[in-house]
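As structure tokens, the structure follows; a few thoughts come after it.
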Amino acid sequence: QVQLVESGGGLVQAGDSLSLSCAASGRAFSNSAMGWFRRAPGKEREFVAAISRDVRNTYYADSVKGRFTISRNNARSTVYLQMNGLKPEDTAVYYCAATERYPDYVKTQAAWYDYWGQGTQVTVSS
């Protein structure tokens, strides 16, 4: 079992930056690949970014590529999402997720992830 707690969301203006954190507890964080997803109002949950357990592999949705950066600190059992150049369309609840099934790969589909946080709201005003 892995417990995930996101933090760092808030209200910002377009063009601003925000950094999200996801602290993990329970089973070995270092054996899990991690992902960030988001759900905007009235829309389906969508993939944002993912990182393998050894940091070798990262992957981003086209909509955030070049603006967002995913990273992790296994010693602190924390995964981060640095978001730069925020746009109003980035407004959503952001969730972190963990999977132990394929820790050396990056997965874009939510079905691969076994553990989810409660989410943190990010609102970008125009």
Side-chain angles (χ1 to χ4, degrees):
Q1 192 81 3
V2 176
Q3 292 79 41
L4 303 172
V5 179
E6 303 95 336
S7 61
L11 172 63
V12 296
Q13 293 186 335
D16 285 351
S17 298
L18 207 56
S19 181
L20 304 183
S21 298
C22 173
S25 60
R27 293 167 66 92
F29 173 82
S30 58
N31 287 332
S32 300
M34 302 296 296
W36 284 98
F37 290 77
R38 67 186 181 187
R39 186 192 299 272
K43 294 187 177 182
E44 297 288 322
R45 179 175 51 188
E46 65 173 355
F47 168 79
V48 175
I51 187 167
S52 60
R53 65 173 168 177
D54 60 3
V55 194
R56 287 185 178 182
N57 298 310
T58 59
Y59 193 78
Y60 298 91
D62 288 342
S63 58
V64 306
K65 199 173 296 183
R67 299 188 298 123
F68 290 11
T69 302
I70 188 171
S71 62
R72 65 190 293 163
N73 185 324
N74 286 341
R76 296 186 175 182
S77 297
T78 302
V79 63
Y80 307 94
L81 185 68
Q82 177 64 40
M83 304 185 294
N84 299 329
L86 283 162
K87 305 175 181 179
E89 51 264 43
D90 294 319
T91 294
V93 177
Y94 283 71
Y95 302 89
C96 72
T99 176
E100 298 174 296
R101 285 183 269 175
Y102 294 95
D104 296 322
Y105 298 90
V106 289
K107 297 296 185 182
T108 62
Q109 295 180 329
W112 285 108
Y113 293 85
D114 302 307
Y115 308 104
W116 294 82
Q118 83 290 347
T120 185
Q121 176 71 47
V122 172
T123 303
V124 185
S125 64
S126 58

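This is a predicted model, so every value here is computed, not measured. All residue numbers refer to positions in the sequence shown, counting from 1.
- Within the structure, the ring pair (Phe, Tyr, Trp, His ring centres under 6.0 Å) test picks out no pair touching residues 69-99 (sequence neighbours left out).
- Across all non-hydrogen atoms, the minimal contact from Thr69 to Tyr60 is CA-OH, 3.4 Å.
- Residue pairs meeting the salt bridge (Lys or Arg N to Asp or Glu O under 4.0 Å) criterion with at least one partner in residues 70-88, sequence neighbours excluded, do not occur; the list is empty.
- Applying the salt bridge (Lys or Arg N to Asp or Glu O under 4.0 Å) definition to pairs two or more places apart or across chains, none involves residues 115-126.
- Side-chain contact check for Met83 versus Ser17: every heavy-atom pair is 4.5 Å or farther apart.
- The ring-ring contact (aromatic ring centres under 6.0 Å, His included) test applied to Tyr102 returns Trp112, not counting sequence neighbours.
- The disulfide (SG to SG under 2.5 Å) analysis of residues 11-124, with sequence neighbours excluded, yields the pairs Cys22-Cys96.
- In this structure a side-chain-to-backbone donor-acceptor pair under 3.5 Å is missing from Asp104 to Ser52.
- With hydrophobic clusters built from ILVMFWY side chains whose heavy atoms lie under 4.5 angstrom apart, Met34 shares a cluster with Phe68.
- Hydrophobic cluster of Leu11: no remaining members, since no ILVMFWY side chain lies below 4.5 Å from it.
- Interatomic distance, Gln82 CD to Ile70 CD1, rounded to the nearest 0.5 Å: 12.5 Å.
- The closest donor-acceptor contact from the side chain of Thr120 to the backbone of Gly9 lies under 3.5 Å.
- With a 6.0 Å radius and a threshold of 12 heavy atoms from other residues, nucleotides or ligands, Lys43 has its NZ atom at or below the threshold.
- A donor-acceptor contact under 3.5 angstrom links the side chains of Gln121 and Thr123, judged on distance only.
- Considering only residues two or more places apart in sequence or on other chains, Pro103 meets the side-chain contact (heavy atoms from CB on, under 4.5 Å) condition with Arg53.
- With contacts defined as side-chain heavy-atom distances shorter than 4.5 Å, the pair Val122/Leu18 qualifies.
- With hydrogens and angles disregarded, a donor-acceptor distance shorter than 3.5 Å links the side chain of Glu6 to the backbone of Gln118.
- Val93 is not connected to Tyr115 by any chain of hydrophobic side-chain contacts under 4.5 Å among Ile, Leu, Val, Met, Phe, Trp and Tyr, and they are in different clusters.
- Applying the side-chain contact (heavy atoms from CB on, under 4.5 Å) rule to Ser7 yields the partners Ser21; only residues at least two apart in sequence or on another chain are considered.
- Considering only heavy atoms from C-beta on, Thr108 comes within 4.5 Å of Tyr59 through its side chain.
- Between Glu46 and Arg38, at least one side-chain N (NZ, or NE/NH1/NH2) sits under 4.0 Å from a carboxylate O, which counts as a salt bridge.
- With Arg39 contributing its side chain and Glu44 its backbone, the two residues share no donor-acceptor pair below 3.5 Å.
- With sequence neighbours left out, the side-chain contact (heavy atoms from CB on, under 4.5 Å) criterion links Ala14 to Pro88, Val124.
- Within the model, atoms OG of Ser30 and CG of Asn73 stand 11.0 Å from one another, a figure rounded to the nearest 0.5 Å.
- In this structure, the ring-ring contact (aromatic ring centres under 6.0 Å, His included) partners of Phe37, at least two apart in sequence or on a different chain, are Phe47, Tyr113, Trp116.
- Smallest separation of non-hydrogen atoms from Val79 and Ile51: CG2-CG2, 4.2 Å.
- Taking each heavy atom of Ala24 and Leu4 in turn, the nearest pair found is CB-CD2, 3.6 Å.
- When the side-chain contact (heavy atoms from CB on, under 4.5 Å) test is applied to Gln13, the partners found at least two apart in sequence or on another chain are Asp16, Ser125.
- Residue Asp90 comes nearest to Gly85 through the heavy atom pair OD2-O, 4.4 Å, listed as atom of the first residue, atom of the second, then distance.
- Residue pairs meeting the salt bridge (Lys or Arg N to Asp or Glu O under 4.0 Å) criterion with at least one member in residues 107-126, sequence neighbours excluded, are Arg101-Asp114.
- For the atom pair CG (Asn31) and CG (Asp54), the distance works out to 11.0 Å, reported to the nearest 0.5 Å.
- The minimum heavy-atom distance between Val48 and Val64, with the atom names listed, is O-CG2, 3.5 Å.
- Using a 4.5 Å cut-off on side-chain heavy atoms (C-beta onward), Phe29 and Thr78 make no contact.
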